[in-house]
Amino acid sequence: MVKTTIQDVSKHLNEEVTLGAWLHNKRSSGKIAFLQLRDGTGFIQGVIGKNDIGEDKFDQAKSLTQETSLYVTGTIVEDKRSPLGFEMQIKDFSIIQEAEDYPITPKEHGTEFLMDHRHLWLRSKKQHSVMKVRNEIIRATYEFFNENGYVKIDPPILTGSSAEGTTELFHTKYFDEDAYLSQSGQLYMEAAAMAFNKVFSFGPTFRAEKSKTRRHLIEFWMIEPEMAFMDHNDSLEVQEQYVSHVVQSVLQNCKVELETLERDLTSLQKIKAPFPRITYDDAIQLLHEKGFTDIEWGDDFGAPHETAIAESYEKPVFITHFPLDIKAFYMKPDPERPDLALCADLIAPEGYGEIVGGSQRIDDLELMKERYEEHNLTGDAYQWYLQLRQYGSVPHSGFGLGLERTVAWIAGVEHVRETIPFPRLLNRLYP
RNA sequence: UCCACCGUAGCUCAGUGGUAGAGCAAUCGACUGUUAAUCGAUCGGUCGUAGGUUCGAAUCCUACCGGUGGAGCCA
């Protein structure tokens, strides 16, 4: 008996094999039954003829319930009627465990119900495909940075201080001290860049914001590269190369998944470096031309503004040189326009919003001390960060890519809650 | 925190002042190529909770609870 998985059935054409599987759905007539089987690696249809398997076994097959686990033995045959191209002619099966009243029936369900059953919803075709795309993005990320000489460094998740004062932090106790869950590993990655030159991190971040939109999660994953001896423009080139690599990898390695998701491939095929760049100044002007009267120079962009700017381009677009006042304390001012920061947001097409935020960092000790004063960062918690500018400071840049927004964009999923296995949302900590 | 919308069968929804409904699921039956199979039958209810108006409330009013979308903030 040869055990295999559905993704490998093509290697066993016209052979008898055994699959461990779950019953996804079934259809039956008087003398023939069709079992839709899934094993986590794919979906295949099993065909049972009453005359081939005997009446008792056939009746048992007809009464199988959705999501019952079973071992199925049969011959893999080619069939043009199957979307996979293959079917299994079932010779025998044995039930491992019979599932009763599986909640997610093959009909439509609402968001709340599906989210309450997220642990089961992950078994469905669409959710399965989204997670495979997510996995491919992660795989392509490691591939890109490893091939380009980056070292993966893991910043801490429990911290004694915040990276950016503005967002709300999750508070917890660290024995007798106060501690917070990380909302960004960036400051630690700057230290790592001074030790390893080019580094990247991949880990969870936590924001206790009361945000309730299709672009927000309370717990989400970020990829944060940081590069010594790279300026703002060098960083933009890394970003567009990286994002292009990820999109092209998904196109190449997730064909079946993108088809299941009914993703428009032509728009993804266009995602190749270089990406267009527009300055904040020009973006404001563009918005005024598009009829946005509610925004003035010095304001930050809201979601409708980002979408309007992205609509003008087929690729992701960099918005560069934001006013220093609306950006984080560590960003380096443009020497030619000291009121602007050497920074950029990368806005994804099709209304998916900001997927990357990055900047060149301040490398001058005195200027960083000034920023500390302005932002009241005078405690002990940030002293180590200051020392990075004291002991061999160099120009350096970095960025952070939000994984879930990137998955949502590439997979063509409307809401980021479907791009992470177990989303943490406002009002949702279960399952 | 603010704004809008929604809570009716296991699920998705209709019913907007006068007997609580449909489709799907489940159960039983028919059918040898189905793809959300089809067809027939059966089963299925504290109409989110509490109060109020009314001869009469799923329906109108008030409060609360829960959800969805959005804003601000951000990736």
Side-chain angles (χ1 to χ4, degrees), chain A residues 24-36 43-53 58-59 62-63 65-66 77 79-84 87 89 99-117 124-126 163-169 183-186 203-224 239 294 299-307 326-328 345-348 352-358 399-409 414-417 419-420 425-428:
Chain A
H24 185 65
N25 197 6
K26 71 165 194 291
R27 282 172 283 277
S28 67
S29 297
K31 290 175 183 170
I32 190 168
F34 303 96
L35 306 185
Q36 310 299 325
F43 291 79
I44 193 169
Q45 174 164 273
V47 185
I48 300 185
K50 191 174 184 174
N51 297 335
D52 304 329
I53 201 167
F58 186 76
D59 287 344
K62 282 182 74 167
S63 67
T65 53
Q66 195 187 357
V77 294
D79 197 300
K80 284 176 191 152
R81 289 166 292 197
S82 157
L84 181 73
E87 287 184 341
Q89 285 289 342
E100 275 183 62
D101 296 325
Y102 186 71
I104 305 179
T105 56
K107 273 284 178 176
E108 58 191 300
H109 301 280
T111 305
E112 186 189 358
F113 179 82
L114 288 169
M115 275 297 164
D116 282 343
H117 297 86
S124 75
K125 247 179 188 165
K126 184 180 173 191
E164 301 167 47
T166 53
T167 30
E168 291 188 52
L169 297 167
Q183 60 168 2
S184 166
Q186 186 210 309
T205 52
F206 308 86
R207 306 232 171 137
E209 296 165 2
K210 304 266 182 185
S211 297
K212 238 180 94 173
T213 80
R214 67 190 187 93
R215 297 177 306 280
H216 286 89
L217 293 167
I218 303 300
E219 176 182 304
F220 67 99
W221 288 64
M222 270 209 292
I223 290 125
E224 293 184 284
Q239 291 174 45
D294 59 329
D299 294 339
D300 208 350
F301 299 127
H305 305 121
E306 285 180 355
T307 303
I326 57 173
K327 286 293 175 180
D345 287 352
L346 184 65
I347 312 298
Y352 285 97
E354 182 186 348
I355 54 170
V356 181
F399 60 94
L401 175 134
L403 178 65
E404 286 75 16
R405 286 186 185 178
T406 304
V407 176
W409 163 49
E414 184 68 14
H415 199 299
V416 288
R417 67 185 160 216
T419 66
I420 186 167
L425 301 159
L426 208 60
N427 305 324
R428 181 167 293 281

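Within every chain, numbering begins at 1; the chains are lettered A, B, ... in the order of the sequence lines, protein sequences first and strands thereafter.
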Undergrad: Going by side-chain contact (heavy atoms from CB on, under 4.5 Å), A:W221 matches just one of A:T406, A:I420, A:T205. Which one?
TA: A:I420

Undergrad: Strictly by Watson-Crick or wobble contacts shorter than 3.5 Å, is anything paired with B:rG40, and which nucleotide is it?
TA: B:rC28

Undergrad: Could you give the distance separating B:rA4 and B:rC11 at their C1' atoms, to the nearest angstrom?
TA: 26 Å

Undergrad: Any heavy-atom pair between the side chains of A:F220 and A:R207 that's under 4.5 Å?
TA: yes

Undergrad: Looking at A:D116 and A:R428, is any side-chain nitrogen of the basic one under 4.0 Å from a carboxylate oxygen of the acidic one?
TA: yes

Undergrad: Looking at B:rC74, B:rG69, B:rG66, which one has an atom nearest to any side-chain atom of A:E112?
TA: B:rG66

Undergrad: Would you measure the distance from the P atom in B:rA36 across to the matching atom in B:rA26 and give it in whole Å?
TA: 16 Å

Undergrad: Using both distances under 3.5 Å as the test, list the Watson-Crick or G-U wobble partner of B:rG45, or none.
TA: none

Undergrad: Say we look at B:rC60 and B:rC5: how far apart would their P atoms be, to the nearest angstrom?
TA: 13 Å

Undergrad: Please assess A:Q36 against A:R27 for the test side-chain contact (heavy atoms from CB on, under 4.5 Å), listing each intermediate value before the final yes or no.
TA: CA-CA 8 Å; A:Q36 310 299 325; A:R27 282 172 283 277; 2.5 Å; yes

Undergrad: Rounding to a whole Å, what distance do you find between A:M115:CE and B:rU68:C1'?
TA: 12 Å

Undergrad: How far, in whole Å, is B:rG72 from B:rA57 if one measures between their C1' atoms?
TA: 40 Å

Undergrad: B:rU68, B:rG33, B:rA75: which one has an atom nearest the side-chain heavy atoms of A:R417?
TA: B:rU68

Undergrad: Watson-Crick or G-U wobble partner for B:rA22, using a 3.5 Å limit on both distances?
TA: B:rU12

Undergrad: Any donor-acceptor pair under 3.5 Å linking the side chain of A:R405 with the backbone of A:R215?
TA: yes

Undergrad: Take atom P in B:rG44 and the same atom in B:rU27, then report the distance between them in whole Å.
TA: 16 Å

Undergrad: Test side-chain contact (heavy atoms from CB on, under 4.5 Å) on A:F206 and A:I218; report intermediate values, then the result.
TA: CA-CA 6 Å; A:F206 308 86; A:I218 303 300; 5.8 Å; no

Undergrad: Work out how far the P atom of B:rC6 is from that of B:rC13, and round it to whole angstrom.
TA: 13 Å

Undergrad: Identify the pairs formed between an N or O of the protein and an N or O of nucleotides 42-45 of chain B at a distance under 3.5 Å, and give each distance.
TA:
none

Undergrad: Counting side-chain heavy atoms from CB outward, which of B:rG33, B:rA71, B:rU32 is closest to A:Q89?
TA: B:rG33

Undergrad: What contact category does A:V356 fall into here, base, sugar-phosphate, or nothing, at under 4.0 angstrom with non-hydrogen atoms?
TA: sugar-phosphate

Undergrad: How is A:A303 classified with respect to the nucleic acid when contacts are heavy atoms under 4.0 Å: base, sugar-phosphate, or nothing?
TA: sugar-phosphate

Undergrad: Quick check: any donor-acceptor pair below 3.5 Å linking the side-chain of A:H216 to the base of B:rC74?
TA: yes

Undergrad: Base of B:rU32, side chain of A:K50 - is there a donor-acceptor contact under 3.5 Å?
TA: no

Undergrad: Starting at CG of A:D59 and ending at C1' of B:rG29, how long is that distance when rounded to a whole Å?
TA: 13 Å

Undergrad: Rounding to an integer number of angstrom, what distance separates B:rU42 and B:rG48 when you compare their C1' atoms?
TA: 30 Å

Undergrad: Going 5' to 3' along nucleotides 34-40 of chain B, which nucleotides have protein heavy atoms under 4.0 Å from the base (write B), which only from the sugar-phosphate (write S), and which from neither (write -)?
TA: BBBB---

Undergrad: Determine: side-chain N/O of A:R214 to OP1/OP2 of B:rG70, distance under 4.0 Å, yes or no.
TA: yes

Undergrad: Which whole number of Å gives the distance between the P atom of B:rC47 and that of B:rU59?
TA: 10 Å

Undergrad: Given B:rA25, B:rA75, B:rC74, identify the nucleotide with an atom nearest to the side chain of A:F220.
TA: B:rA75

Undergrad: Angle between ring planes, A:F113 versus A:H109, binned at 30° and 60°: parallel, tilted or perpendicular?
TA: parallel

Undergrad: If the threshold is 4.0 Å, N to carboxylate O, is there a salt bridge linking A:K31 and A:D52?
TA: no

Undergrad: Suppose we define a pair by two distances each less than 3.5 Å, Watson-Crick or G-U wobble; what does B:rU62 pair with here?
TA: B:rA50

Undergrad: Supply the atom-to-atom distance A:L401 CG to A:I355 CD1, rounded to the nearest 0.5 angstrom.
TA: 5.5 Å

Undergrad: Would you indicate, yes or no, if B:rA71 has its OP1 or OP2 atom less than 4.0 angstrom from a side-chain nitrogen or oxygen of A:R215?
TA: yes

Undergrad: Tell me if the side-chain of A:S211 makes a donor-acceptor pair with the base of B:rC73, cut-off 3.5 Å, by modelled atom types.
TA: yes

Undergrad: May I have the step-by-step check of side-chain contact (heavy atoms from CB on, under 4.5 Å) for A:L114 and A:I104, ending in yes or no?
TA: CA-CA 8 Å; A:L114 288 169; A:I104 305 179; 4.2 Å; yes

Undergrad: For a quick check of understanding: with a heavy-atom distance under 4.0 Å over all strands, which category does A:G49 fall into, base, sugar-phosphate or nothing?
TA: nothing

Undergrad: Does the structure show a Watson-Crick or G-U wobble partner for B:rA4, both distances under 3.5 Å? Name it, or say none.
TA: B:rU68

Undergrad: Picking from B:rU1, B:rC74, B:rU68, which would you name as closest to the side chain of A:D300?
TA: B:rC74

Undergrad: Is there a side-chain contact between A:R417 and A:T111 (heavy atoms, below 4.5 Å)?
TA: yes

Undergrad: Give the rounded distance in Å between these two atoms: CD1 of A:I347 and P of B:rA75.
TA: 10 Å

Undergrad: So what does A:K327 hit on the nucleic acid, given a heavy-atom distance under 4.0 Å: a base, only sugar-phosphate, or nothing?
TA: nothing

Undergrad: Checking A:R214 against A:Y352: charged group under 6.0 Å from the ring centre and within 45 degrees of the axis?
TA: yes

Undergrad: Rounded to whole Å, please give me the gap between OH in A:Y102 and P in B:rG10.
TA: 19 Å

